Amino acid sequence: IQAAINAAQDGGTVLVQNGLYTEQIVFDGTKGVTLMGETQDGVIVESPTGLLDDVILQSSVTSAKSYTVKSITIRGGRYGILSESSTDFKVRDVTFMRCGWDGTQAASEDIVGYQALWASTNSSDGGACRIKKASGRVSIKDVYCRECATGITVEDCSAGGLLSRI
């Protein structure tokens with residue numbers, strides 16, 4: 001997937017066939033891209049490093065580009081999607097699974113058990129999706145968060161956001 005994104009033109013679309021892809025995807029800020037899976041349940045992008053890195057990262061470079069992620073499942077990673085800066089960012093028909101948490105249960109159902117779990121390597125400070133500093137519109141629609149440490153975070157975005165059916 002990353003090779004196709006690198007080869008795409010500014011404003012281009014990368015179509016991803018159904019399958020399991022174990023890789024980190026980086027939008028480097030030099031061009032806007034739409035990443036679109038064949039089917040939401042059929043395209044699974046999985047973190048290659050467990051909870052250490054983000055699965056889809058729009059780097060901290062200040063970007064005046066727009067990004068769309070559509071019709072995929074993102075599994076694992078500190079964050080499923082982390083965008084540091086963009087113009088517009090759209091997330092459509094995406095399932096996040098075990099982002100920020102690997103599914104390990106607390107040793108006990110009390111504050112001590114949960115504190116130990118959240119301090120362990122079985123969880124991170126991440127979650128499903130975090131979009132920061134978008135100068136345009138953030139639109140998140142038909143998104144499912146399953147067994148993630150946290151859900152959707154949109155912060156410091158100047159034009160606000162549209163969140164629907166999360």
Side-chain angles (χ1 to χ4, degrees), residues 1-2 16 18-27 29 35-61 63 67-86 88-135 137-166:
I1 297 172
Q2 186 66 57
V16 182
N18 286 345
L20 173 62
Y21 301 87
T22 303
E23 62 183 287
Q24 183 184 44
I25 297 168
V26 178
F27 298 136
L35 177 64
M36 186 165 60
E38 182 178 350
T39 64
Q40 183 174 350
D41 293 332
V43 175
I44 300 170
V45 182
E46 181 175 70
S47 170
T49 60
L51 299 175
L52 296 178
D53 292 305
D54 309 305
V55 180
I56 297 177
L57 172 66
Q58 187 281 309
S59 64
S60 59
V61 173
S63 176
Y67 306 93
T68 300
V69 177
K70 184 175 182 177
S71 299
I72 65 172
T73 293
I74 299 171
R75 188 166 62 194
R78 184 176 71 119
Y79 279 102
I81 296 175
L82 175 62
S83 175
E84 298 280 358
S85 170
S86 66
D88 299 320
F89 207 109
K90 297 176 185 170
V91 180
R92 297 273 192 280
D93 304 314
V94 173
T95 299
F96 296 96
M97 294 181 67
R98 293 194 174 168
C99 300
W101 175 54
D102 70 3
T104 300
Q105 298 298 312
S108 59
E109 295 287 325
D110 58 19
I111 194 164
V112 172
Y114 285 106
Q115 285 175 335
L117 173 63
W118 297 127
S120 74
T121 58
N122 300 96
S123 66
S124 75
D125 62 347
C129 179
R130 184 176 185 180
I131 298 175
K132 304 188 305 186
K133 300 179 184 171
S135 62
R137 191 133 177 97
V138 174
S139 178
I140 300 172
K141 185 176 178 184
D142 295 324
V143 169
Y144 304 93
C145 300
R146 296 187 177 140
E147 299 181 4
C148 296
T150 61
I152 308 295
T153 303
V154 176
E155 62 184 86
D156 297 328
C157 297
S158 60
L162 167 67
L163 288 87
S164 174
R165 292 190 289 266
I166 297 175

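Index from 1, following the sequence. Treat the numbers as computed from the prediction; the structure is a model and nothing was measured.
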Using 0.5 Å steps for rounding, measure from the [atom1] atom of [X] to the [atom2] atom of [Y].
X	Y	atom1	atom2	result
Y67	I81	OH	CD1	13.0 Å
D102	T121	CG	OG1	7.5 Å
C99	E147	SG	CD	11.0 Å
Y21	I1	OH	CD1	6.0 Å
D88	T68	CG	OG1	8.0 Å
Y79	T150	OH	OG1	5.5 Å

I'd like to know if the side chain of [X] and the backbone of [Y] have a donor-acceptor N/O pair within less than 3.5 Å.
X	Y	result
T49	G77	no
E23	S47	no
Q2	V26	yes
Q40	T73	no

Set out, in order, the CA-CA distance, both residues' side-chain angles and the distance that settles side-chain contact (heavy atoms from CB on, under 4.5 Å) for I44 and T22, then state yes or no. CA-CA 8 Å; I44 300 170; T22 303; over 6 Å; no

Run the side-chain contact (heavy atoms from CB on, under 4.5 Å) test on E46 and L20 for me, step by step, so that the C-alpha distance in whole Å, both residues' side-chain angles and the decisive distance to 0.1 Å come before the verdict. CA-CA 7 Å; E46 181 175 70; L20 173 62; 4.1 Å; yes

Can D41 and T39 be counted as having a side-chain donor-acceptor contact under 3.5 angstrom? no

Please find the pair of heavy atoms, one from [X] and one from [Y], that lie closest to each other, and give the distance.
X	Y	result
S83	Q58	OG-OE1, 3.2 Å
C129	F96	CB-CZ, 3.8 Å
I131	C157	O-SG, 3.9 Å
C145	I152	SG-CD1, 4.0 Å
V43	V16	CG2-O, 3.5 Å
L51	W101	CD2-N, 3.6 Å

Under 4.0 Å between a Lys/Arg side-chain N and an Asp/Glu carboxylate O for [X] and [Y]?
X	Y	result
R130	E155	yes
D142	R92	no
D54	R78	yes

Between D110 and S108, is a side chain to side chain donor-acceptor pair (under 3.5 Å) present by the stated rule, with each step listed? CA-CA 6 Å; D110 58 19; S108 59; 2.7 Å; yes

Might you confirm whether atom NZ of K132 has over 12 heavy atoms from other residues, nucleotides or ligands at distances under 6.0 Å? yes

Audit row: I72, I56, side-chain contact (heavy atoms from CB on, under 4.5 Å) steps and yes/no: CA-CA 11 Å; I72 65 172; I56 297 177; 3.9 Å; yes

Can you find a heavy atom in the side chain of V55 that is under 4.5 Å from one in the side chain of I25? no

T95 side chain reached by R146 side chain, heavy atoms, under 4.5 Å: yes

Tell me, with the steps shown, if Y144 and M97 meet side-chain contact (heavy atoms from CB on, under 4.5 Å). CA-CA 8 Å; Y144 304 93; M97 294 181 67; over 6 Å; no

